[in-house]
Amino acid sequence: MRYICQICGYVYDDEKEKVPFEQLPADWKCPLCGAVKSDFKPEVPKTEVKPVSVNTEAADLKKLSAGQLAAVCSNLARGCEKQYKSEEAGLFNELAAYFTSITPAVNDATVENVAKLLQEDIDKYPTVRAVADQNKDRGAARICVWGEKVTRMLSSLVNRYLNEGEAMLADTDIWVCTVCGFVYIGETPPELCPVCKVPPFKFEKIEGKA
């Protein structure tokens, strides 16, 4: 059997490893991205993508919240920074700051609710990816790949936190890839981002874990 990390794609091959995957300890983690054992799934043959019917008119008319617009503008600002378009990045950051200022407080911002929302996003990715593939939109398909991997990692970390509490963050650091948003917990950033393959200097250390 071969088991695939659903976050970074690392393959654990029973035939090549000394210990079968099922016999690995419960606290074993992915050697590349640090994902927990439960984030690995048995390899299954790829199936043909079936056409997906989507009501594009309704999707186009969906209204975004102030918080969602803040996130969109912030991401666009980061994209402009990567392309050395400082003026455009500044404008998008101004928009992000404005939408952030009018975003209402979330009263139920518990870790449990964050875990639930992340799982809902993960459940939607197969449909989004199918639509991208159906329309041969390589850009959207690539976003789906990165987005799903990062979302799965965030979900894995949140669930680990629910199980381990503050002990999970003791004597370690948190690093975020500035390109794709991948989150890594460890004393030093990984040699390569497991998602987008950039070198460690592209990671930012997050200060103030509280």
Side-chain angles (χ1 to χ4, degrees), residues 1-50 52 75 78-79 82 114-115 117-164 168 172-204 206:
M1 289 288 293
R2 285 158 51 94
Y3 295 82
I4 314 297
C5 176
Q6 300 299 291
I7 295 166
C8 71
Y10 175 81
V11 178
Y12 189 96
D13 192 333
D14 278 346
E15 291 187 4
K16 297 180 180 179
E17 304 293 340
K18 296 181 179 179
V19 180
F21 185 81
E22 294 294 342
Q23 295 180 17
L24 292 172
D27 60 354
W28 181 86
K29 295 179 178 61
C30 175
L32 285 186
C33 70
V36 296
K37 186 179 178 182
S38 60
D39 287 318
F40 279 72
K41 302 297 179 185
E43 185 179 43
V44 295
K46 293 184 178 180
T47 57
E48 183 179 352
V49 177
K50 297 181 179 179
V52 178
N75 287 335
R78 181 60 62 89
K82 300 305 176 186
V114 171
L117 291 172
L118 286 169
Q119 186 58 53
E120 288 177 359
D121 282 349
I122 291 172
D123 293 340
K124 294 174 183 176
Y125 267 108
T127 300
V128 177
R129 177 60 188 272
V131 173
D133 291 341
Q134 183 178 324
N135 289 277
K136 296 181 173 56
D137 189 333
R138 295 178 61 189
R142 187 179 185 187
I143 291 173
C144 285
V145 172
W146 283 18
E148 183 175 3
K149 287 183 177 181
V150 171
T151 305
R152 285 186 180 277
M153 169 48 74
L154 292 174
S155 178
S156 176
L157 291 176
V158 169
N159 284 307
R160 273 187 60 193
Y161 183 81
L162 287 173
N163 292 327
E164 302 174 23
M168 169 185 166
T172 190
D173 293 308
I174 300 175
W175 305 85
V176 177
C177 176
T178 60
V179 175
C180 72
F182 177 80
V183 180
Y184 184 81
I185 295 182
E187 295 182 2
T188 59
E191 288 301 315
L192 284 178
C193 174
V195 175
C196 68
K197 312 306 179 185
V198 296
F201 71 84
K202 289 291 186 178
F203 278 76
E204 288 183 354
I206 302 301

**Message:** Do R129 and V145 have side chains that approach each other closer than 4.5 Å (heavy atoms only, starting at C-beta)?
**Reply:** yes
**Prompt:** Taking the side chain from E43 and the backbone from K41, do they hold a donor-acceptor pair closer than 3.5 Å?
**Reply:** no
**Message:** Under the side chain to side chain contact (heavy atoms under 4.5 Å, CB included) test against C177, which residue among Y184, W146, F203 passes?
**Reply:** F203
**Item:** Straight-line distance of D121 CG to K124 NZ, nearest 0.5 Å
**Value:** 6.0 Å
**Asked** Within a strict 4.5 Å, meaning less than it, do heavy atoms of the F182 and C196 side chains meet?
**Response** no
**Request:** Quick one: closest heavy-atom pair of G34 and R160, and the distance?
**Result:** O-NH1, 4.1 Å
**Asked** Side chains of P200 and T188: does their closest heavy-atom pair fall under 4.5 Å?
**Response** no
**Straight-line distance of F40 CZ to Q6 CD, nearest 0.5 Å** = 9.0 Å
**Prompt:** Can a salt bridge be assigned to the pair E148 and R152 using a cut-off of 4.0 Å between side-chain N and carboxylate O?
**Reply:** yes
**Fill in**
E22 meets the side-chain contact (heavy atoms from CB on, under 4.5 Å) criterion, sequence neighbours left out, with Y3
**Prompt:** Is there any side chain to side chain donor-acceptor pair (under 3.5 Å) pair reaching into residues 189-202, and which pairs are they, with sequence neighbours excluded?
**Reply:** none
**Asked** To the nearest 0.5 Å, what is the distance between CG (L157) and CG (L118)?
**Response** 10.0 Å
**Item:** Distance (rounded to the nearest 0.5 Å) between D14 CG and Q23 CD
**Value:** 9.0 Å
**Asked** Between F201 and T178, is any pair of side-chain heavy atoms under 4.5 Å apart?
**Response** no
**Prompt:** Which residues satisfy the side-chain contact (heavy atoms from CB on, under 4.5 Å) test with L32, sequence neighbours excluded?
**Reply:** C8, Y10, C30
**Contact summary for S156 and D39, nearest pair of heavy atoms** = OG-OD2, 2.5 Å
**Item:** S155 side, atom OG; M153 side, atom CE - distance, nearest 0.5 Å
**Value:** 10.0 Å
**Item:** Within-4.5 Å side-chain heavy-atom neighbours: I185 and M168
**Value:** yes
**Closest non-hydrogen atom pair between A115 and N159, with its separation** = CB-OD1, 4.1 Å
**Fill in**
Here the gap from I7 atom CD1 to T151 atom OG1, rounded to the nearest 0.5 Å, amounts to 10.0 Å
**Asked** Can you check whether L24 reaches F21 side chain to side chain, under 4.5 Å on heavy atoms?
**Response** yes
